[in-house]
Amino acid sequence: MIHNTKKYFSFFGILIATVNRKLQSFNCMIHAILLDEIPKITKLLLKKQLKSVKLYSTNNI
């Protein structure tokens with residue numbers, strides 16, 4: 001005897017699918033912003049990086 005199971009959409013299944021879709025949309029949006037901004041941020045950080053302190057003094061004889 002073969003049992004055919006019926007698949008119904010539950011309220012929580014639809015809710016999870018909707019939330020998953022919305023989260024994926026936000027994730028893609030953040031990813032696109034980061035891809036655009038990371039080179040600018042890297043350039044800014046390299047420009048403002050701290051210089052090393054000299055361990056010797058040129059005034060000493």
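- For Lys43, there are no salt bridge (Lys or Arg N to Asp or Glu O under 4.0 Å) partners at least two apart in sequence or on another chain.
- Here the side chain of Ser25 pairs no donor or acceptor atom with the backbone of Arg21 at under 3.5 angstrom.
- Two different hydrophobic clusters hold Ile33 and Ile41 under the rule that ILVMFWY side chains link at heavy-atom gaps under 4.5 Å.
- Expressed to the nearest 0.5 Å, how far NZ of Lys40 lies from CD1 of Ile38 amounts to 12.0 Å.
- We find the NZ-OG1 distance between Lys22 and Thr18 to be 10.5 Å, quoted to the nearest 0.5 Å.
- Clustering ILVMFWY residues whenever any of their side-chain heavy atoms sit less than 4.5 angstrom apart, transitively, puts Leu34 in a cluster other than the one holding Leu45.
- Within a 6.0 Å sphere centred on CD of Gln24, heavy atoms belonging to other residues, nucleotides or ligands number 12 at most.
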